[in-house]
Amino acid sequence: QVQLVESGGGLVQAGDSLRLSCVASRRTSDWYGMGWFRQLPGKERERVAAITWIGGTTYYLDSVKGRFTISRDSAKITLYLQMNRLQPEDTAVYYCAAVRRPPVLTDEYEYWGQGTQVTVSS
């Protein structure tokens with residue numbers, strides 16, 4: 001019944017920006033935190049950013065600090081990822097996910113979207 005739907009991916013050039021969105025079918029009280037993950041071609045999935053739903057505490061992968069910003073809109077039950085100064089190495093399928101209990105940096109996220117492709121050309 002829980003559904004997460006990502007949007008906003010696409011094909012862009014290096015230096016461009018994209019804003020990913022993830023709308024959830026459940027109330028914010030149904031989980032403790034949400035995050036954005038990505039899977040680069042031929043590599044393991046990695047956490048890009050995470051946020052606690054109530055407090056808004058954020059966490060970022062070192063390689064995206066200063067370029068990506070995670071945020072959430074509780075009223076719209078929507079998660080965002082603003083991605084600036086995109087680089088070819090950011091090319092990946094991006095997924096949003098939710099976890100019901102702490103910690104927000106757990107590897108055991110329980111709900112996942114189907115992903116949206118981000119491709120950055122040089």
Side-chain angles (χ1 to χ4, degrees):
Q1 186 65 28
V2 174
Q3 186 176 15
L4 303 175
V5 181
E6 304 96 334
S7 62
L11 174 62
V12 299
Q13 295 181 332
D16 285 352
S17 297
L18 283 174
R19 189 192 190 213
L20 305 183
S21 299
C22 173
V23 62
S25 63
R26 295 288 192 180
R27 303 185 339 271
T28 58
S29 61
D30 289 339
W31 44 70
Y32 173 75
M34 297 185 72
W36 287 99
F37 295 75
R38 69 185 182 187
Q39 187 165 17
L40 280 65
K43 295 188 177 181
E44 297 292 325
R45 184 186 66 195
E46 62 183 358
R47 185 186 357 264
V48 177
I51 186 169
T52 59
W53 197 257
I54 300 300
T57 302
T58 58
Y59 306 87
Y60 294 96
L61 183 68
D62 284 345
S63 63
V64 308
K65 287 181 179 178
R67 299 190 297 120
F68 291 9
T69 303
I70 188 171
S71 61
R72 81 277 192 261
D73 186 326
S74 296
K76 297 180 179 180
I77 319 178
T78 303
L79 182 72
Y80 302 98
L81 184 67
Q82 178 66 46
M83 305 186 293
N84 297 327
R85 303 192 305 279
L86 283 162
Q87 303 169 12
E89 53 264 39
D90 295 317
T91 294
V93 178
Y94 284 73
Y95 302 88
C96 66
V99 61
R100 290 191 175 193
R101 60 179 185 268
V104 72
L105 299 183
T106 182
D107 291 329
E108 302 295 327
Y109 274 65
E110 297 159 294
Y111 304 101
W112 294 84
Q114 292 186 329
T116 184
Q117 176 70 47
V118 172
T119 302
V120 185
S121 66
S122 59

Test side chain to side chain contact (heavy atoms under 4.5 Å, CB included) applied to Ile54 and Tyr32, step by step:
CA-CA 7 Å; Ile54 300 300; Tyr32 173 75; over 6 Å; no
Heavy-atom count around Gln13 CD within 6.0 Å, excluding the residue itself: above 12?
no
Taking atom CD of Gln87 as the centre, does the number of heavy atoms from other residues, nucleotides or ligands within less than 6.0 Å exceed 12?
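Counting neighbours around CD of Gln87, more than 12 heavy atoms of other residues, nucleotides or ligands fall under 6.0 Å, so yes.
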Ignoring hydrogens and angles, tell me if any N or O in the side chain of [X] forms a donor-acceptor pair with the backbone of [Y] under 3.5 Å.
X: Thr116; Y: Gly9; value: yes
X: Tyr60; Y: Ile70; value: yes
X: Thr119; Y: Thr91; value: no
X: Thr106; Y: Pro103; value: no

For [X] and [Y], work out which heavy atoms get closest and say how close.
X: Ser25; Y: Gln3; result: OG-N, 2.7 Å
X: Val118; Y: Leu20; result: CG2-CD2, 4.1 Å
X: Leu4; Y: Ala98; result: CD1-N, 4.0 Å
X: Arg85; Y: Ser17; result: N-OG, 4.1 Å
X: Ala14; Y: Ser122; result: CB-CA, 4.5 Å
X: Arg72; Y: Gly55; result: NH2-C, 3.9 Å

Joint hydrophobic cluster, [X] plus [Y], side-chain heavy atoms closer than 4.5 Å:
X: Tyr111; Y: Val23; result: no
X: Val93; Y: Trp112; result: yes
X: Tyr80; Y: Trp31; result: no

Measure the shortest side-chain to side-chain distance between [X] and [Y] over non-hydrogen atoms and say whether it is less than 4.5 angstrom.
X: Glu6; Y: Tyr94; answer: no
X: Leu79; Y: Ile51; answer: yes
X: Val12; Y: Leu18; answer: yes

With sequence neighbours excluded, tell me which residues meet side-chain contact (heavy atoms from CB on, under 4.5 Å) with Glu46.
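Arg38, Leu40, Leu61.
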Check against side chain to side chain contact (heavy atoms under 4.5 Å, CB included), Arg47 and Asp107
CA-CA 9 Å; Arg47 185 186 357 264; Asp107 291 329; 3.7 Å; yes
How many angstroms lie between atom CD of Gln39 and atom CD of Glu44, to the nearest 0.5 angstrom?
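Result: 7.0 Å between the selected atoms.
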Residues in ring-ring contact (aromatic ring centres under 6.0 Å, His included) with Tyr109, at least two apart?
Phe37
